[in-house]
Amino acid sequence: MSNSAAGPSSKSKAGSSQPSETTSFKRKRGVFQKDLQHMMYGFGDDANPLPETVALVEDIVVEYVTDLAHNAQDIGSKRGKLSVEDFLYQIRKDFPKLNRCTELLSMQEELKQARKAFEVDEEKLASIE
């Protein structure tokens, strides 16, 4: 009887390395399908790629982003919080990605400042009238 009690617990421990993550959070498939089809077409694939190909690319992308986020979270947990620098640290050796990320972050900051300036101008116009 002790064998049967040890059996299920050993199975759950043996299979808990990766399947527990997928069973605790079930991802809705096909969320990025249209976006990936357009991206694949932009990079030279057919305008209507095979659904299996799109599903495979989606799985690869989601796995990459999930791993990147988990690794960044591990780094951030040492300091107590997660920040953008944790993600930049993860991609520090991939210069094209790093350059694109820094470019997008600077553009985001410029847009934020432009929106703030627009709100201030709008408030001034409202107070004048």
Side-chain angles (χ1 to χ4, degrees):
M1 293 205 172
S2 64
N3 251 353
S4 63
S9 64
S10 64
K11 285 181 184 176
S12 64
K13 288 180 185 176
S16 66
S17 64
Q18 192 174 4
S20 66
E21 292 175 349
T22 57
T23 56
S24 65
F25 177 73
K26 293 195 177 197
R27 183 174 66 85
K28 188 175 178 182
R29 300 186 128 239
V31 175
F32 305 111
Q33 184 176 11
K34 284 290 183 192
D35 296 324
L36 285 173
Q37 284 178 346
H38 293 300
M39 289 176 68
M40 290 168 66
Y41 179 66
F43 282 103
D45 200 352
D46 188 45
N48 295 315
L50 294 173
E52 295 86 7
T53 307
V54 177
L56 178 64
V57 171
E58 182 180 22
D59 288 343
I60 292 169
V61 168
V62 168
E63 181 180 346
Y64 173 76
V65 172
T66 303
D67 289 345
L68 185 71
H70 284 196
N71 291 338
Q73 186 176 10
D74 290 342
I75 292 170
S77 66
K78 294 175 185 172
R79 286 192 326 270
K81 67 176 189 174
L82 184 64
S83 68
V84 173
E85 285 76 22
D86 298 326
F87 288 95
L88 294 176
Y89 179 77
Q90 288 295 311
I91 60 171
R92 70 190 182 279
K93 294 180 182 177
D94 192 350
F95 292 114
K97 285 181 192 169
L98 183 63
N99 290 336
R100 181 65 174 152
C101 285
T102 54
E103 178 185 356
L104 289 172
L105 288 170
S106 66
M107 287 172 52
Q108 179 187 17
E109 189 62 34
E110 289 176 21
L111 285 172
K112 190 185 296 183
Q113 291 174 357
R115 285 188 192 113
K116 188 175 182 181
F118 183 72
E119 288 174 2
V120 170
D121 290 342
E122 195 173 84
E123 289 174 4
K124 287 181 183 177
L125 287 174
S127 65
I128 292 172
E129 295 172 355

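We're numbering straight along the sequence, starting at 1.
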Q) Which residues, ordered by chain and number, are linked to L56 in its hydrophobic cluster, where ILVMFWY side chains connect at heavy-atom gaps below 4.5 Å, directly or through other members? A)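 L56 clusters with I60.
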Q. Under the 4.5 Å side-chain heavy-atom rule for ILVMFWY, direct or indirect, which residues accompany Y89?
A.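 I75, which link up through side-chain heavy atoms under 4.5 Å apart, make up the rest of the cluster.
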Q. With R115, which residues qualify under side-chain hydrogen bond (donor to acceptor under 3.5 Å, both in side chains), at least two apart?
A.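 Scan of R115 (side-chain hydrogen bond (donor to acceptor under 3.5 Å, both in side chains), adjacent residues dropped) gives none.
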Q.
I'd like to know if V54 and V65 are part of one continuous hydrophobic network [Ile/Leu/Val/Met/Phe/Trp/Tyr, side-chain heavy atoms within less than 4.5 Å].
A.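 In one cluster with V65: V54, yes.
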Q) Do Y64 and V84 belong together in a cluster built from hydrophobic side chains that touch within less than 4.5 Å? A)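 Yes.
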Q: To the nearest 0.5 angstrom, please state how far the CD1 atom of I91 sits from the NZ atom of K97.
A: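 Between atom CD1 of I91 and atom NZ of K97 there are 7.5 Å.
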Q) If you take all heavy atoms of D86 and A72, which pair is closest and at what distance? A)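 So the two residues come closest at CB-O, 3.7 Å.
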Q.
Looking at R29 and D59, is any side-chain nitrogen of the basic one under 4.0 Å from a carboxylate oxygen of the acidic one?
A.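 Counted as a salt bridge, because a side-chain N and a carboxylate O are separated by less than 4.0 Å.
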Q: May I ask you to say whether E103 pairs ionically with R100, meaning some side-chain N is under 4.0 Å from a carboxylate O?
A: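 Answer for the salt bridge query: yes.
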Q: Return the set of residues passing side chain to side chain contact (heavy atoms under 4.5 Å, CB included) with V62 (not counting sequence neighbours), or none when no residue passes.
A: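 Once residues adjacent in sequence are excluded, the partners of V62 under the side chain to side chain contact (heavy atoms under 4.5 Å, CB included) criterion are R27, F32, E58, T66.
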Show which side-chain atoms of residues 36-51 pair as donor or acceptor with protein atoms under 3.5 Å away, not counting sequence neighbours.
from : atom 1 : to  : atom 2 : distance (Å)
D46  : OD2    : N48 : N      : 3.4

Q | With D67 via salt bridge (Lys or Arg N to Asp or Glu O under 4.0 Å) - residues at least two apart | A |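 Once residues adjacent in sequence are excluded, D67 has no partner under the salt bridge (Lys or Arg N to Asp or Glu O under 4.0 Å) criterion.
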